[in-house]
Amino acid sequence: MVRQLSVFLENTKGRLAHMTRVLGEAGVDLLALSIADTTNFGILRAIVDDNEKALASLRAAGYTVNLTEVLAVTVPDRPGGLAEVLETLLEKGVSVEYLYSFVRNPKEYALILFKVDDVAAARSILESRGVRILLQEDLYDLK
Amino acid sequence: MYWNPSAECMEPEKLRELQTKRLIRTIHHVYQNVPYYRNRMQETGVAPGDIRSLEDLALLPFTTKQDLRDNYPYGLFAVPLSEIVRIHASSGTTGKPTVVGYTQRDIQTWAELMARTLTCAGADKNAVIQNAYGYGLFTGGLGVHYGAELIGASVIPISGGNTQRQIMLMKDFGTTMLTCTPSYALYLAEAMAEEGIDPTRDIILKYGVFGAEPWTNGMRREIERKLGIRATDIYGLSEVIGPGVAFECEIQQGLHVNEDHFLPEIIDPATGRVLPDGQEGELVFTTITKEGIPVIRYRTRDLTSLSREACQCGRTHVRMNKVLGRSDDMIIIRGVNVFPTQVESVLVTYTEVEPHYLLVVERVNNLDRLEVWVEMSDRLFSDEVRRVEEIRHRITRELESLLGLSVGVKLVEPKSIERSQGKARRVLDKRTLS
Ligand SMILES: [Zn+2]
């Protein structure tokens with residue numbers, strides 16, 4: 001399981017740049033990020049190498065931030081690889097709130113981050129299917 | 001607790017008698033000493049002798065902030081400058097400030113009124129009062145200061161601002177009472193939370209006296225919860241005397257007006273007609289003991305109502321309701337009157353939302369549109385767009401049903417709405433600019 005940083009951003013020019021600058025100045029590395037936005041606001045989700053440092057620097061800069069548990073899994077890097085994982089979860093009644101892809105391992109796997117409604121269930125389902133679940137430390141190794 | 005029970009609990013008959021005597025004396029005083037009032041009375045056809053009872057007050061013309069500005073700086077003073085020991089001024093949003101002067105006796109009166117206020121709010125000679133109202137031309141700082149000294153409390157004259165130092169002294173000096181604007185009290189609570197300080201555990205603060213801007217009961221509950229104190233509302237304005245014109249008692253059902261010094265009236269802001277007790281309208285004051293700059297029927301622009309029902313606290317002075325808003329802060333959108341306090345009353349029900357908000361009014365294609373900006377807070381936030389949108393829609397629906405018009409709600413980043421350490425700005429009306 002991996003802890004993801006989520007940040008509330010207004011949809012105004014320069015906010016994303018400012019936020020990433022704050023992280024950069026705090027010496028925090030972004031390993032992955034995705035942004036969900038509406039016409040009104042955006043939510044940035046990121047995996048960073050130091051959650052504590054990231055939280056402290058962003059809060060000090062006035063951002064609303066939280067940490068959420070997400071699943072980081074490796075899926076076979078071939079057509080239908082992601083579909084297999086999603087179908088497995090669907091069959092067992094676990095719903096995926098959102099997902100985004102992480103760095104791509106050049107060999108045989110794609111790394112995907114999932115936010116699901118039932119983390120424990122999703123984890124055991126996927127593990128029983130031989131899907132590899134990554135830990136925070138595994139991600140740091142990919143830097 | 002009373003500071004001056006014989007005045008605060010004076011028998012109504014005796015109070016009326018005293019008020020009448022003082023009103024008559026004041027009218028003679030201004031007629032003789034302030035050319036402006038003499039001219040206005042002559043224009044209206046009222047002689048000082050026509051004022052024989054409290055009801056006769058309605059015969060006199062109103063005074064407005066503009067009249068004070070037109071007579072800048074000393075035109076409305078009723079004594080020579082040699083008798084004035086203090087001058088305060090309120091910053092004008094446009095043009096010149098309004099200037100007020102106090103005689104030695106006015107300063108004593110003011111201290112007495114603030115002593116009543118602070119005593120009622122929980123202070124005594126053992127209190128340590130951190131006075132975070134601004135010191136200077138603004139009446140808040142020195143008004144509280146003199147009252148606190150009169151009761152023998154220990155005053156920390158820290159003035160506004162410098163939040164880190166406020167928190168440090170509050171802890172180290174053992175502050176028991178905080179005096180500032182309600183928005184600054186909330187700001188302090190937030191700052192403490194950010195520093196990992198739990199006000200209910202780490203400081204001994206017990207009481208707060210907050211005023212100088214309108215605030216709702218919802219905001220009171222939030223301040224009381226976050227700071228772990230009893231929060232008391234006070235009312236005042238520099239043109240009348242400063243803080244201490246009226247104060248809330250422990251019953252918390254309105255503020256007792258210090259009626260032995262000020263006569264309140266409620267008028268229809270459009271027609272100037274005096275409204276009966278219980279009806280909402282604009283608050284008007286006549287000072288009946290002030291020497292330096294007495295004001296006759298001064299229009300405050302504050303909207304409220306009066307109640308003369310007996311109060312359980314034992315005080316006999318008339319109560320004014322919490323100020324609803326200002327007649328000039330009120331915005332009219334497609335014919336609907338909207339007060340920032342109404343919006344606030346919805347926002348505070350979302351305990352996770354800090355009540356930091358701004359009403360933005362724009363005219364788009366000849367149609368007025370109200371957008372309410374609300375600052376995002378930790379507990380309102382989610383990593384899921386759907387959840388954040390759900391809350392935004394709920395707030396929107398509640399505002400629309402309360403106000404009876406369509407409202408846009410925009411979530412903005414924390415601290416992006418301008419925080420003043422004085423009065424909070426609640427309305428941005430862009431219609432006047434276009
Ligand atoms: Zn009372």
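The sequence lines fix the lettering, A, B, ..., with proteins before strands; numbering per chain opens at 1.
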Practice problem: Identify whether the distance between the nearest side-chain nitrogen and carboxylate oxygen of A:Arg59 and B:Glu194 falls below 4.0 Å. | Solution: no

Exercise. Taking only Lys NZ, Arg NE, NH1 and NH2, and the carboxylate oxygens of Asp or Glu, determine whether B:Asp383 and A:Arg45 approach each other closer than 4.0 Å.
Key: no

Quiz item: Checking A:Asn40 side chain against B:Leu411 main chain: does a donor-acceptor pair fall under 3.5 Å?
Solution: yes

Part of [X] within contact of chain B (heavy atom distance under 4.5 Å):
X: A:Leu9; result: both
X: A:Glu97; result: side chain
X: A:Thr64; result: both

Quiz item: Who in residues 398-410 of chain B is close to chain A, using a strict under-4.5 Å heavy-atom cut-off?
Solution: B:Val409, B:Lys410

Practice problem: Would you indicate whether B:Arg369, at its atom CZ, is surrounded by more than 12 heavy atoms from other residues, nucleotides or ligands within a distance under 6.0 Å? | Solution: no

For [X] against [Y], the heavy-atom pair lying closest together:
X: A:Thr38; Y: B:Glu389; value: CG2-OE2, 4.1 Å
X: B:Pro414; Y: A:Gly62; value: CG-O, 3.4 Å
X: B:Val388; Y: A:Phe41; value: CG1-CZ, 3.3 Å

4.5 Å side-chain heavy-atom contact, [X] and [Y]:
X: A:Arg15; Y: B:Glu413; answer: yes
X: A:Tyr98; Y: B:Val385; answer: no
X: B:Phe381; Y: A:Val65; answer: no

Quiz item: Rounded to the nearest 0.5 Å, how far apart are OG of B:Ser382 and CZ of A:Phe8?
Solution: 11.5 Å

